[in-house]
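Counting convention: from 1, in listed order, for ligands and their atoms alike. Numbers here simply count residues along the sequence, with the first being 1.
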Amino acid sequence: MAVYACGVALEVKTAGESHGPALVAIVSGLPAGLLLDRDAIDHDLNRRQQGYGRSPRQRLEQDRVEVVAGLRHGCTLGSPLALVIRNRDHENWAWGMSPWPPEGDATGKGTTPVTLPRPGHADLAGALKYGHDDTRNTLERASARQTAVQVAAGAVAKALLREIGVEVSARVLEVGGEASEDEWQRATDAARADRDTLGGVIEVVAEGAPPGLGSYAEKETRLDARLAAALMGIQAVKGVEIGEGFALARRRGSEAHDEVGDDRRRETNRAGGIEGGVTNGEPVVVRAAMKPLPTLMRPLRSVDLESGEPGEALVERSDVQAVEALAVVAEAAVAWELARAAREKFGGDALIDFLGAHAAYLERIRWRHNG
Ligand SMILES: Cc1cc2nc3c(=O)[nH]c(=O)nc-3n(C[C@H](O)[C@H](O)[C@H](O)COP(=O)(O)O)c2cc1C
């Protein structure tokens with residue numbers, strides 16, 4: 001990935017299958033001297049597992065982060081940070097998901113090949129693309145279980161952002177087309193009774209970002225494009241809005257923009273804090289639309305990839321809806337992208353250098369931080 005500023009590239013690479021031994025993330029580009037709080041990371045992992053409509057797996061497994069590199073006594077070393085989350089359910093899949101050829105008779109889960117792809121999942125396209133006879137070889141990685149380790153990386157990004165006064169939070173706006181919590185629960189219960197699933201809409205807000213994160217210079221550097229890609233990178237997200245997004249298309253210009261006051265602040269924030277792909281100092285506001293989850297307990301029509309016979313798609317333990325979980329994952333994704341933009345802008349090998357560059361910049365633009 002190209003970096004167009006003189007700062008540092010914050011990068012993450014993840015690995016891990018849904019029922020494999022563990023999920024892993026390697027984060028590089030963090031400054032040395034950043035204090036991390038294990039409880040804060042575990043708190044976000046726990047938030048991701050909560051929510052009305054989640055499957056029993058979330059109760060079975062309580063995710064906990066392990067750090068195996070890049071940290072000493074809670075403080076980053078400036079070397080790559082390696083995060084691990086064990087899949088506690090793996091013990092039930094030890095034969096089926098064994099990384100090495102398993103010994104002994106087939107036992108536990110995942111021992112019979114999955115040949116009935118689920119519409120709306122990566123199953124069919126993945127099996128064709130990679131030449132898998134068993135679509136488990138696709139679905140184990142395509143599954144949103146992988147978002148756990150993204151949330152852990154996002155919690156690290158939030159710790160860095162907090163150092164420069166940026167707070168990221170998310171909330172659910174709609175579930176199954178309903179806009180209040182009581183109605184979400186009713187809609188979820190009704191969908192569960194019908195063995196069906198729901199989607200919804202979430203919103204992420206980042207307060208305190210200075211003007212100047214991202215750049216209009218190239219399409220890859222535009223923060224709006226990067227946030228859209230970060231959110232679309234989450235399973236089941238099918239639409240993203242920045243600020244008032246689609247509603248702006250139906251208004252006149254006089255009702256669509258945010259006039260600049262003499263203190264350079266805005267009374268409205270229709271742009272969602274980004275103009276020309278660059279933060280403008282107002283809160284960054286993004287929304288994401290999640291489609292109804294594709295694993296239905298009343299399965300959709302499919303075809304057996306082995307026999308060619310019509311059949312019903314795979315039924316596997318699954319959520320009725322996961323919109324609250326999406327909010328937590330989206331919060332992590334937005335925090336990650338903002339932290340990446342901040343590392344590009346302010347650089348620094350040590351946290352103190354990063355903070356110094358941030359303070360000097362605010363001074364130069366005479367920007368009063370009110371995050
Ligand atoms: C937090 C979260 C939890 C999810 N849980 C499920 C689930 O339990 N069952 C399911 O079928 N899909 C679930 N999904 C969605 C699928 O992973 C996703 O629809 C699938 O991988 C296909 O990708 P696509 O929808 O982006 O095309 C979940 C997504 C997220 C973000």
Side-chain polar contacts of residues 104-117 - donor-acceptor pairs under 3.5 angstrom, sequence neighbours left out - could you list them?
from, atom 1, to, atom 2, distance (Å)
Thr115, OG1, Asp304, OD1, 3.3
Thr115, OG1, Asp304, OD2, 3.1

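- Checked against side-chain contact (heavy atoms from CB on, under 4.5 Å), Pro102 has the following partners two or more places apart in sequence or in another chain: Trp95, Ser98.
- At least one donor-acceptor pair closer than 3.5 Å links the side chain of Thr279 to the backbone N or O of Leu213.
- For Gln185, there are no side chain to side chain donor-acceptor pair (under 3.5 Å) partners two or more places apart in sequence or in a different chain.
- Relative orientation of the Tyr361 and Phe346 rings is tilted, given thresholds of 30° and 60° on the angle between their planes.
- A heavy-atom distance below 4.5 Å is not found between the side chains of Val24 and Val149.
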Give one line per pair: atom of ligand 1, protein atom, distance. Only N/O to N/O under 3.5 Å.
from, atom 1, to, atom 2, distance (Å)
ligand 1, 5 (N), Asp319, OD2, 3.1
ligand 1, 8 (O), Ser318, OG, 3.2
ligand 1, 8 (O), Asp319, N, 2.9
ligand 1, 8 (O), Asp319, OD2, 3.2
ligand 1, 9 (N), Ser318, OG, 2.6
ligand 1, 11 (O), His121, NE2, 3.1
ligand 1, 11 (O), Thr295, N, 2.8
ligand 1, 11 (O), Thr295, OG1, 2.5
ligand 1, 21 (O), Ala142, O, 3.3
ligand 1, 25 (O), Ala236, N, 3.2
ligand 1, 25 (O), Lys291, NZ, 2.8
ligand 1, 26 (O), Ala236, N, 3.0
ligand 1, 26 (O), Lys238, NZ, 3.2
ligand 1, 27 (O), Lys238, NZ, 3.1
ligand 1, 27 (O), Lys291, NZ, 3.4

